[in-house]
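Letters A, B, ... are given to chains in the order of the sequence lines, protein chains preceding strands, and every chain is numbered from 1.
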Protein chains: 2
Amino acid sequence: MAGKADRAATEAALVWERPERGTRGPAPERSREQLTEAAIGLADAGGLAAVSFRQVARELGTGPASLYRYVAGRDDLVDLMVDTATGEIDLDAELTGDPVTDLVALATRTQRVHLRHPWLLEVPPEALRVGPRGLDYLEFALRALKPVAGLTGPGKLEAVAVLNALVAMLSGVELRARRSPTGRQAAQAAYLGAVAGRGGHPLLAAALAGGAADGPADGAHLGAGDAAGAGAGFERVVRRVLAGLLVPDPPVR
Amino acid sequence: MAGKADRAATEAALVWERPERGTRGPAPERSREQLTEAAIGLADAGGLAAVSFRQVARELGTGPASLYRYVAGRDDLVDLMVDTATGEIDLDAELTGDPVTDLVALATRTQRVHLRHPWLLEVPPEALRVGPRGLDYLEFALRALKPVAGLTGPGKLEAVAVLNALVAMLSGVELRARRSPTGRQAAQAAYLGAVAGRGGHPLLAAALAGGAADGPADGAHLGAGDAAGAGAGFERVVRRVLAGLLVPDPPVR
DNA sequence: ACGTAACCGCGAACGCCGTTCGCAGTATTT
DNA sequence: AAATACTGCGAACGGCGTTCGCGGTTACGT
């Protein structure tokens, strides 16, 4: 009784579980890989918003409806894009055996991918989206975490999640620092400066204006939480966070 | 020469810099606050996607076009929503003087707001969006960070950014753990389990299946990076990360 | 005092979006 | 040879953000 409806509901909800093509009809003229490639191209150029079924279809010389033979909807396409980008992270690096060092290196390689594909930061993190390459990534990170004693399995996964969130955020900072500020961004900076001068937020004003020990810090060229010597600071911040997260016995105070 | 065009380009790009109403015409029948309230109501119920100009207008008994008298576009509305939600974070708490303790407390209060307004996690972090209450929040965080010696001003802002990213991620974990898994989520969990059983990712399989020291960890009830005893673990993780981030001299190795 | 400039409300419309339907054509199974 | 399961895709649906333009209203400039 439940069999059929049950199967229809649970069966193949994710792309990874659906076969790329059936065994019956004519050979498909395109492939998931082609769709993904076209979509990533569009996203690299114009952000995730530029990835519409209509645009992707145009890129491939067909109509939007045709894409549904390869993919169940836009979500599937994004899944494929994310997993493909994840696959660009090099997982062949040798491990030194020191988890912090190895994860910092992994984070650096991950950030490079983020900088190459800024749309990754626009992907809504609501639904998780872990495909085959994502699983390889997790497995690699867990391998790097193997020597850590004080953490349970789920605890290690949580550490990886923290690392990913950290890399994403720092990549966003770096991206905004590189791009010449768009209208909105300039407006935010201006607003921030204006409020800082208004006197109600002295510490914020001080933090924005001064105190850069090593880098240029005129202040206005960066966004809000963005003010930081991002380039060289990346490894430093990641290392510190990981060190704090992985120590067997946390500092008590 | 540049005066007019320049002003038109830079003038009042953000909601906070535009007056709520002019001095000329009839009094507006509604207010930005009402729009914001309606929008937040819709978002609380149906996610950020449920916040459309048409829906908000319907909620207020008018047409979509009318809203443009209060707000320049959807982005402005989201700005208002975020800042209003930020205002729900209590900033009247006494500071103990220990930055880590004070920031952990702040993080906990922030998480409560995230859990009350899950749509906050769906807000694209691309554009920063810091309004008046956001500034108050930053000022408060910087006040808590005042005793920290080894960090420059921008460095402190960076630390706050890390904290926020961390809270957002952990809130997402907590939210997914509470909600009964939707179709997609269940599918992800099933896929994860299937791959774990396939043998190619032994460490991942182990991490998913075992090793929960204190909480229920059957594995399937959680998503991918989500496996963790999230509830009680929140403070622990935040404390560790902050401790690592704020130590004057980072561990060398 | 009064003309006019600036503002409010809003119906109608534009161009985009994701997605569904249905049909003609094609390859495989029975 | 019939049945079956697939492919490609034109047409259409409902929803979206946003713009235009118009009639009515208020306050400023003189």
Side-chain angles (χ1 to χ4, degrees), chain A residues 8 11-13 15 18-32 34-35 38-39 42-43 46-81 119 122-124 126-127 183-184, chain B residues 7-8 11-13 15 18-32 34-35 38-39 42-43 46-81 119 122-124 127 183-184:
Chain A
E11 171 191 48
V15 214
R18 276 191 310 270
E20 173 134 19
R21 57 159 301 189
T23 56
R24 215 53 89 88
E29 301 178 359
R30 283 161 274 267
S31 68
R32 280 182 185 162
Q34 284 175 48
L35 297 218
L42 287 170
L48 200 60
V51 180
S52 72
F53 264 47
R54 284 173 158 83
Q55 285 298 333
V56 174
R58 196 164 306 158
E59 208 79 5
L60 274 73
T62 177
S66 303
L67 305 186
Y68 285 85
R69 295 289 174 200
Y70 300 88
V71 137
R74 193 184 190 264
D75 268 13
D76 271 12
L77 191 50
V78 177
D79 279 356
L80 289 168
M81 292 171 68
W119 48 266
E122 304 176 46
V123 175
E126 177 247 337
R184 180 172 179 100
Chain B
R7 198 180 311 148
E11 170 191 51
V15 213
R18 274 191 310 270
E20 171 133 21
R21 56 158 302 193
T23 55
R24 218 50 91 86
E29 300 179 359
R30 284 161 273 267
S31 67
R32 279 182 186 163
Q34 284 175 48
L35 297 219
L42 287 170
L48 200 60
V51 180
S52 71
F53 264 47
R54 283 171 158 84
Q55 285 297 333
V56 173
R58 195 166 305 157
E59 208 80 4
L60 273 74
T62 178
S66 304
L67 305 186
Y68 285 86
R69 294 288 174 198
Y70 302 87
V71 138
R74 193 183 191 265
D75 269 13
D76 271 11
L77 191 52
V78 177
D79 279 355
L80 289 168
M81 293 171 67
W119 48 266
E122 304 175 45
V123 175
R184 180 171 179 103

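- The side chain to side chain contact (heavy atoms under 4.5 Å, CB included) test applied to Ala72(B) returns Arg18(B), Asp76(B), not counting sequence neighbours.
- Smallest separation of non-hydrogen atoms from Pro19(A) and Arg32(A): O-NH2, 3.4 Å.
- Spacing between atom CZ of Arg32(A) and atom C1' of dT7(D) amounts to 15 Å, rounded to whole angstrom units.
- One can place CZ of Arg18(A) at 15 Å from C1' of dC6(D), the figure rounded to the nearest angstrom.
- The side chain to side chain contact (heavy atoms under 4.5 Å, CB included) check on Arg184(B) picks up Asp75(A), Asp79(A), Ala127(A), Arg129(A), Thr182(B), with sequence neighbours excluded.
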Check nucleotides 27-30 of chain C for protein N or O atoms closer than 3.5 Å to its own N or O atoms and list the pairs.
{"residue": "dT28(C)", "atom": "O4'", "partner": "Arg24(A)", "partner atom": "O", "Å": "3.3"}

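- Atoms CZ (Phe53(B)) and P (dG11(C)) sit 16 Å apart, rounded to a whole Å.
- Among all heavy-atom pairs drawn from Met81(B) and Ala43(B), the shortest one is CE-CB, 3.6 Å.
- The backbone N or O of Arg30(A) lies less than 3.5 Å from a partner atom in the side chain of Tyr70(A), making a donor-acceptor pair.
- In the region residues 56-74 of chain A, proximity to DNA chain D at under 4.0 angstrom, judged on heavy atoms, holds for Thr62(A), Ala65(A), Ser66(A), Arg69(A), Tyr70(A).
- Within the 4.5 Å cutoff, side-chain heavy atoms of Ser31(A) are placed close to those of Glu20(A).
- Listed candidates were dT18(D), dC8(C), dT19(C). Nearest to the side chain of Arg54(A) is dT19(C).
- For the pair Leu42(B) CG and dG17(D) P, the computed distance is 11 Å after rounding to whole Å.
- Residues satisfying the side chain to side chain contact (heavy atoms under 4.5 Å, CB included) criterion with Glu122(B), sequence neighbours excluded, are Leu48(B), Trp119(B).
- Each of dT7(D), dG9(C), dT18(D) was ranked by its minimum atom distance to the side chain of Glu29(B); first place goes to dG9(C).
- At whole-Å resolution of the value, CD in Gln34(A) and P in dT7(D) are 14 Å apart.
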Name the atoms and distances for all side-chain donor-acceptor pairs under 3.5 Å in residues 51-63 of chain A, with sequence neighbours left out.
{"residue": "Ser52(A)", "atom": "OG", "partner": "Gln55(A)", "partner atom": "N", "Å": "3.1"}
{"residue": "Thr62(A)", "atom": "OG1", "partner": "Ser66(A)", "partner atom": "OG", "Å": "3.0"}

